[in-house]
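Structure first, commentary second.
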Amino acid sequence: MKSRKSCLFSLLLALLVTATAMGQTGRADYRVVPLPEINGIKSADFQLTGQTLINYPTGNRDMERNAIMLSEYVEQLTGMHLSVRPTLNAKDRNGHISLLLDPTVGGDEAYRLNVTARGVEIIGKTAAGVFQGIQTLRKSLPVGALSRIGLPAAQVAASPRFPYRGMHLDCVRHFFTVETVKRFIDIMALHGMNRLHWHLTDDQGWRVEIKKYPRLTEVGAWRKGTVLGHNSPVNDGVPYGGYYTQEEIKDIVRYAAERYITIIPEIDMPGHMLGALTAYPELGCTGGPYEVWCQWGVTDDILCVGKDETLQFVKDVLDEVMQLFPSEYIHIGGDESPRVRWEQCPLCQQRIKDEGIRAKGKQSAEALLQGWFTTQVQHYLADHGRHIIGWDELLGCDVDTTATIMSWTGAEPGAKGARLGHDVIMTPNTPMYFDHYQTRSTWNEPMAFGGCATLKMVYDFEPVAADLPADARHHIIGAQANVWTEYITCEPQIQYQILPRMAALAELQWLQPELKDFTDFKARLSHLVSIYQHYGWTYRAKSLTAEDE
Ligand code: TNX
């Protein structure tokens with residue numbers, strides 16, 4: 001006869017073996033970033049296991065992709081593999097997750113997540129909305145090797161405050177690989193963002209292949225070296241450059257579109273053009289020679305708009321850019337364009353005469369010449385069904401209100417633009433420049449541009465000025481943070497600059513201001529950060545504890 005001791009031992013062993021085979025269990029928490037509305041309902045938890053299927057409407061490719069992505073997310077975070085299956089049959093939903101379309105669900109990107117013991121429904125008016133619901137479910141999951149997760153019964157819902165929820169990435173000052181750009185897109189998707197403003201041309205390089213002008217990338221994509229620090233007299237002397245082929249761009253655009261992110265390319269003009277001028281010096285007022293810049297800042301050498309060839313060049317480039325990027329918006333820059341060359345250039349002065357341009361109040365004839373040039377480009381793009389976005393300097397050049405303004409020199413230009421009737425995207429350098437420091441005590445930080453935008457400053461930013469008249473408020477279509485890369489040389493440094501500040505940005509892009517609460521946000525942030533850790537992303541850990549150290 002077995003002793004009682006050995007009986008107990010066998011029982012414990014059996015329990016241990018079963019528990020190991022079953023793996024760990026966990027429970028989801030819908031209090032994610034950005035915070036949705038959550039209403040608990042009376043029902044037991046839904047049990048998510050490896051047997052759970054993900055249903056999607058038969059024949060709908062977008063929803064099929066959504067289902068596959070949800071399956072991938074669950075596997076990445078928990079190790080559990082869920083199969084996907086097409087079905088239109090309501091009874092198949094029992095016991096499973098179902099992705100559904102329903103025209104009665106709020107706006108285009110709104111979603112509802114209904115969880116009961118009998119099943120999970122992720123419902124959107126569009127596949128884009130369902131994708132946002134998927135992100136919320138993803139962020140609510142516990143992280144680690146799990147074999148069973150309890151999803152509390154609840155009705156969860158959200159609808160974004162702003163239609164334009166952007167991030168910007170400068171791939172000129174430093175060049176980043178296709179994989180890095182895709183990972184940046186992944187990070188955006190996790191944060192519920194939908195517009196990537198991709199800065200592709202500047203004084204330090206031209207980074208998009210244009211078939212009609214091969215020298216743009218043969219010559220214009222390469223610089224002889226890079227200045228050390230903040231424009232010190234020392235240069236590293238290491239040739240530097242790179243560009244994206246049209247095939248790579250199409251691949252990235254498709255990758256983003258699958259995550260419901262539109263890429264808005266920026267071809268900055270008429271300033272920030274030394275890359276192009278080095279390749280085609282005849283496009284400048286002096287004819288050069290020019291050199292792709294090895295330092296940072298603003299150069300006096302910009303496009304000569306007195307020459308018809310320049311306009312033709314711009315149109316040809318935009319033709320290819322439009323082929324690559326289906327975005328409604330094309331960003332044409334317009335910032336930091338000194339006009340000293342135009343003042344001296346006979347052809348630019350002739351253009352001013354021919355077009356009957358005259359100085360007006362504080363606006364010089366040259367400022368209005370930039371307006372004339374921008375309007376030509378704007379009309380050209382409009383003929384092709386596209387709209388321009390430009391930096392807030394355009395407000396000083398009399399462009400019409402079909403130009404959307406990006407307010408960067410502060411928040412005031414945005415408010416002014418909205419009053420004038422322009423749509424506006426708010427990206428004021430404080431606190432929306434993520435190339436700025438995240439703390440005031442910078443001694444132990446990687447070198448940054450300067451400035452300071454702490455996590456709290458980002459969180460507290462309100463894009464719609466309190467005194468903006470009611471009839472102008474709808475012109476503020478969104479907010480964006482910018483990642484200029486003069487001092488950012490590698491992917492972990494990009495991630496360090498954006499995480500966790502992107503979480504704060506996501507919440508202001510999604511939530512109505514009265515629902516924001518920084519203390520509550522910080523409590524929710526720790527789980528999001530465990531997801532960053534799980535994916536191996538770099539982030540600024542100090543921002544989670546001390547606010548400004
Ligand atoms: C200003 S924002 C710039 C960029 C720089 C950035 C550095 C804007 C329209 N122009 O060219 O990279 O500051 O923070």
Side-chain angles (χ1 to χ4, degrees), residues 166-176 196-207 223 226-227 229-231 240 264-277 292-303 329-339 367 370 374 388-397 399 403-414 417 422 424-438 442 445-453 457-458 461 479-489 493-494 496-498 501:
M167 279 298 290
H168 151 288
L169 182 63
D170 169 9
C171 288
V172 174
R173 275 54 178 273
H174 284 98
F175 178 71
F176 300 98
L196 170 58
H197 167 180
W198 198 10
H199 190 75
L200 284 168
T201 65
D202 213 303
D203 298 317
Q204 296 79 8
W206 183 282
R207 308 252 177 264
R223 60 180 183 249
T226 304
V227 70
H230 291 88
N231 278 349
Y240 185 93
I264 299 170
E266 181 184 354
I267 309 294
D268 203 346
M269 61 184 84
H272 286 289
M273 263 286 175
L274 262 185
L277 289 177
V292 181
W293 237 16
C294 300
Q295 65 178 73
W296 319 125
V298 179
T299 167
D300 286 343
D301 288 308
I302 68 173
L303 290 179
Y329 293 119
I330 306 286
H331 200 307
I332 54 118
D335 60 313
E336 300 178 326
S337 294
R339 292 146 193 151
Q370 185 180 344
T374 306
I388 63 165
I389 301 181
W391 297 109
D392 61 45
E393 280 91 335
L394 292 191
L395 291 172
C397 315
V399 292
T404 295
I405 300 296
M406 234 175 217
S407 188
W408 76 276
T409 56
E412 300 74 25
H422 292 272
V424 170
I425 297 149
M426 295 302 292
T427 177
N429 47 16
T430 301
M432 287 288 131
Y433 272 34
F434 286 1
D435 59 330
H436 289 187
Y437 286 105
Q438 315 186 48
T442 57
E445 291 291 308
M447 183 165 56
F449 180 86
C452 174
M457 287 165 71
V458 175
F461 174 61
Q480 172 179 294
N482 296 343
V483 186
W484 299 102
T485 59
E486 286 95 333
Y487 309 103
I488 299 177
T489 59
Q493 211 188 341
I494 295 181
Y496 182 86
Q497 291 299 122
I498 63 178
R501 287 190 286 194

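Just follow the structure's listing: the first ligand is 1, and inside any ligand the first atom is 1. Below, each value reflects all heavy atoms present in this structure, side chains not excepted, and no hydrogens, waters or symmetry copies.
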For the residue pair H168 and W484, categorise the inter-ring angle as parallel (less than 30°), tilted (30 to 60°) or perpendicular (more than 60°).
tilted
Of the side chain and backbone of D435, name the one, both, or neither that has a heavy atom under 4.0 Å from an atom of ligand 1.
side chain
With a 4.0 Å heavy-atom cut-off (strictly under), which part of Y433 contacts ligand 1: side chain, backbone, both or neither?
side chain
Would you tell me whether D203 and T299 have side-chain atoms, one donor and one acceptor, within less than 3.5 Å of each other?
no
Under a heavy-atom criterion of less than 4.0 Å, does H272 contact ligand 1?
yes
Just need the protein heavy atom nearest to atom 9 (C) of ligand 1, so name the residue and atom and give the distance.
D335 OD2, 3.0 Å
In this structure, atom 5 (C) of ligand 1 is nearest to the protein heavy atom E486 OE2, 3.3 Å
Checking the N or O distance criterion of under 3.5 Å, is ligand 1 in contact with H436?
no
Just checking, is any N or O donor in the side chain of H436 or N429 under 3.5 Å from an acceptor N or O on the other one?
no
Please state whether E393 comes within less than 4.0 angstrom of ligand 1, counting heavy atoms only.
no
Could you tell me the separation between the CE atom of M273 and the CD1 atom of I267, rounded to the nearest 0.5 Å?
7.0 Å
Check whether the ring centres of W391 and H197 lie less than 6.0 Å apart, and answer yes or no.
yes
For atom 1 (C) of ligand 1, the option (of W484, W408, W296, F449) bearing the nearest heavy atom:
W408
Do we see a donor-acceptor contact under 3.5 Å between the side chains of Y496 and E445?
yes
